[in-house]
Protein chains: 2
Amino acid sequence: MAIGLAHAELIAVLSAVTGDEPRVMTVRSGDALPSGPFELGHRSLQAGLREWVRDQTGHPLGYLEQLYTFADRDRTHEDAEGRTISISYLGLVREQAAPGAGKPGWHGWYEYFPWEDHRRGGPDILADITGRLEGWIASEPARREHRQRRVDFAFGLDGAVWNEDLGLQRYELMYEAGLVTEAGCPPAKSFGRSMFADHRRILATGIARLRAKIKYRPVVFELMPESFTLSQLQRTVEALAGLTLHKPNFRRLIDQQELIEETGEATSETGGRPAKLFRYRHAVLEERALSGSKLPLSRN
Amino acid sequence: MAIGLAHAELIAVLSAVTGDEPRVMTVRSGDALPSGPFELGHRSLQAGLREWVRDQTGHPLGYLEQLYTFADRDRTHEDAEGRTISISYLGLVREQAAPGAGKPGWHGWYEYFPWEDHRRGGPDILADITGRLEGWIASEPARREHRQRRVDFAFGLDGAVWNEDLGLQRYELMYEAGLVTEAGCPPAKSFGRSMFADHRRILATGIARLRAKIKYRPVVFELMPESFTLSQLQRTVEALAGLTLHKPNFRRLIDQQELIEETGEATSETGGRPAKLFRYRHAVLEERALSGSKLPLSRN
DNA sequence: CCGGATATACTCACTTCGAGTATAAAAGGA
DNA sequence: TCCTTTTATACTCGAAGTGAGTATATCCGG
């Protein structure tokens with residue numbers, strides 16, 4: 001069986017949460033995701049990326065999973081024979097281990113996707129977007145109905161509810177409708193900060209994946225410091241989902257799953273009544289991480 | 001940014017269900033999964049694979065999704081510079097469109113994973129496997145506890161319940177314990193039919209992904225003929241999951257989701273009372289395919 | 001016309017889950 | 001000191017979902 005030659009690169013969506021702001025590691029002042037060649041000599045892709053991140057950033061990398069492999073024709077490396085295959089990964093970095101977070105190199109998710117943050121209600125920018133999308137829908141009568149259904153579903157219009165998992169579909173619709181500069185839209189009429197090539201699409205893929213995952217796997221804890229309060233944990237989940245949650249239900253679900261345990265200490269840095277500190281029960285839960293563990297993503 | 005050179009190949013896990021037997025398309029008399037070079041000139045990986053499958057098999061390919069990209073050191077192409085990157089896909093083929101199903105080229109899933117079929121109760125082979133695993137657990141005192149937890153969880157022992165989604169973890173445990181020929185185990189002491197290189201592991205990845213997916217996305221319908229009875233649908237799901245389901249609950253969940261509609265006809269080929277025929281509501285559901293749609297995988 | 005087989009329909013108890021309400025313990029200013 | 005604000009923690013209730021069992025309908029073949 002013959003084998004085609006290609007160039008291989010790794011692209012990483014590395015996220016951390018500082019306070020209540022989800023961030024992504026970037027290069028070129030926030031214009032691109034970190035990427036690099038897939039070097040020979042690595043044991044595996046996963047190991048290669050781990051090593052590379054450690055060298056480049058000094059941050060130990062907790063959770064790491066493959067996102068998607070792209071090889072579209074428009075990704076062909078300029079002057080080279082063969083084409084480029086981009087293998088993208090999603091990685092989670094602990095806040096405390098990310099001293100660079102906040103400084104250049106880390107940028108908030110919602111700079112790139114301002115319409116995705118619904119923690120203070122649906123953002124005003126949404127009305128502008130859906131308005132422009134209506135124009136796009138009307139512009140081609142033959143596909144009108146189909147487009148209308150897609151938009152209503154993705155943006156929670158006409159009876160549908162906003163679903164935080166559909167971030168990628170929303171970005172792709174906006175791309176199709178020419179509302180982002182990556183699709184050739186003039187900056188003045190586009191939405192959100194754009195990125196190099198298809199990096200923003202890859203970021204959207206990572207965000208969508210993470211938002212879906214926190215609902216059934218205890219990956220949030222990869223973003224938390226060693227000990228934390230329940231409110232901190234909730235704010236982290238809220239930051240990722242771009243939604244606010246019902247506090248009593250959040251707490252109920254967390255402790256009925258026995259994912260965490262009290263450290264015995266408390267902190268009064270939170271303003272009001274001191275909060276108990278908790279830690280994640282690593283050892284006991286290695287396996288369970290593979291199955292259960294839901295988070296209550298009910299709208300508030 | 002420099003780009004590493006590599007060989008790229010595509011590997012496909014193409015599945016169909018005939019009657020109540022889930023099958024996978026194979027080459028080399030069932031010893032390998034179909035694979036081929038990633039040719040230049042394809043619009044994308046997805047398009048390349050679609051084209052390639054159509055040419056090779058004559059089967060139109062319905063659902064297609066990327067599974068995983070492998071590039072471990074032991075997958076290096078023999079005499080070549082660079083290494084091989086294998087991009088694997090999961091594809092679903094309709095029974096009626098797979099005239100070759102049953103003939104050479106298609107093999108039942110459970111030839112390769114006999115311990116995964118629990119439709120007639122836990123298979124006898126399971127006792128042999130867990131017995132051998134106990135030996136492996138005991139063989140290294142330092143990791144005993146950890147191994148015990150992994151095995152109990154994956155195989156549903158010691159209070160845990162059998163989880164059909166964990167097929168990949170089960171295979172990997174068996175590989176680690178040296179119970180499969182791919183890991184160097186002599187054929188007489190190994191379990192299930194083996195495959196070339198890591199193809200059986202890729203098949204396990206595909207099966208696990210599909211078993212997980214049918215629970216929240218309506219992908220089963222990609223495997224059904226145009227019109228079908230509810231029992232047929234249930235038997236297909238059962239074949240994939242390797243479990244039997246509670247009939248009344250299955251029907252309730254199906255029709256409360258409004259995924260299907262009656263064709264108006266009925267068939268009396270089933271032996272007893274004639275069964276109504278249904279069809280999947282394609283058009284209405286393009287978008288919903290992205291979110292909801294659960295299947296009742298409750299044990300019976 | 002009756003039993004076997006399959007299809008279809010209904011019921012009930014238990015759990016889950018969204019949503020609201022109540023109490024506890026700190027800080028800080030009047 | 002006390003009262004308000006703020007945050008943490010605890011409890012309750014009703015609606016919906018889910019597992020499991022039972023009952024009825026309609027064919028076939030003897």
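Since this is a predicted model, take the numbers as computed values, not measurements. Chain letters run A, B, ... following the sequence lines, proteins first and then strands; every chain starts at 1.
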*Aromatic plane relationship, B:Tyr280 with B:Phe221 - under 30° parallel, 30 to 60° tilted, over 60° perpendicular*: parallel

*Nearest-Å distance, CG (A:Leu233) to C1' (D:dA8)?*
14 Å

*Using the side chain to side chain donor-acceptor pair (under 3.5 Å) rule, pick out the option among A:Arg209, A:Lys215, A:Arg211, A:Lys213 that qualifies with A:Asp165.*
A:Lys215

*asked:* Checking A:Asp117 now: which residues fulfil salt bridge (charged side-chain N to carboxylate O under 4.0 Å, His left out) with it, not counting sequence neighbours?
replied: A:Arg119, A:Arg120

_Interatomic distance, A:Gln232 CD vs D:dA8 C1' [rounded to whole Å]_ = 13 Å

_Without decimals, in angstroms, what is the distance between A:Lys276 NZ and C:dA24 P?_
14 Å

*B:Tyr216 OH to D:dT18 C1', straight-line distance once rounded to whole Å*: 21 Å

Taking only nitrogen or oxygen atoms into account, show me every contact under 3.5 Å that the protein makes with nucleotides 25-30 of chain D, one pair per line with its distance.
| residue | atom | partner | partner atom | Å |
| --- | --- | --- | --- | --- |
| D:dA25 | O4' | B:Arg273 | NH1 | 3.4 |
| D:dA25 | N3 | B:Arg273 | NH1 | 3.0 |
| D:dT26 | O2 | B:Arg273 | N | 3.4 |

*Whole angstrom is fine here: how far is it from NE2 in A:His246 over to C1' in D:dT9?*
13 Å

_First encountered from the 5' end of DNA chain C, between B:Ser231 and A:Pro248_ = B:Ser231

*Using ring-ring contact (aromatic ring centres under 6.0 Å, His included) as the criterion, list what pairs up with A:Tyr68, not counting sequence neighbours.*
A:Phe70

*Can you tell if the side chain of B:Pro218 reaches within under 4.5 Å of the side chain of B:Gln257, non-hydrogen atoms only?*
no

*If you find the nucleotide of DNA chain D closest to A:Arg252 and the one closest to A:Leu230, which residue's nucleotide is nearer the 5' end?*
A:Leu230

*asked:* Looking at B:Arg251, I'd like to know whether one of its side-chain N or O atoms comes within less than 4.0 Å of OP1 or OP2 on C:dA9.
replied: no

*Does B:Arg23 reach the side chain of B:Ser15, with side-chain heavy atoms less than 4.5 Å apart?*
no

*Tell me, do B:Ile129 and B:Phe155 make a side-chain contact under 4.5 Å, heavy atoms counted?*
yes

*Report the distance from atom CG of A:Asn249 to atom C1' of D:dT9, rounded to the nearest whole Å.*
14 Å

_How many whole angstroms separate atom CD of B:Gln256 from atom P of D:dG17?_
7 Å

*Provide, to the nearest angstrom, the distance between the CZ atom belonging to A:Phe250 and the P atom belonging to D:dA8.*
12 Å

*Closest nucleotide among C:dC17, D:dG21, D:dT9 to the A:Lys247 side chain*: D:dT9

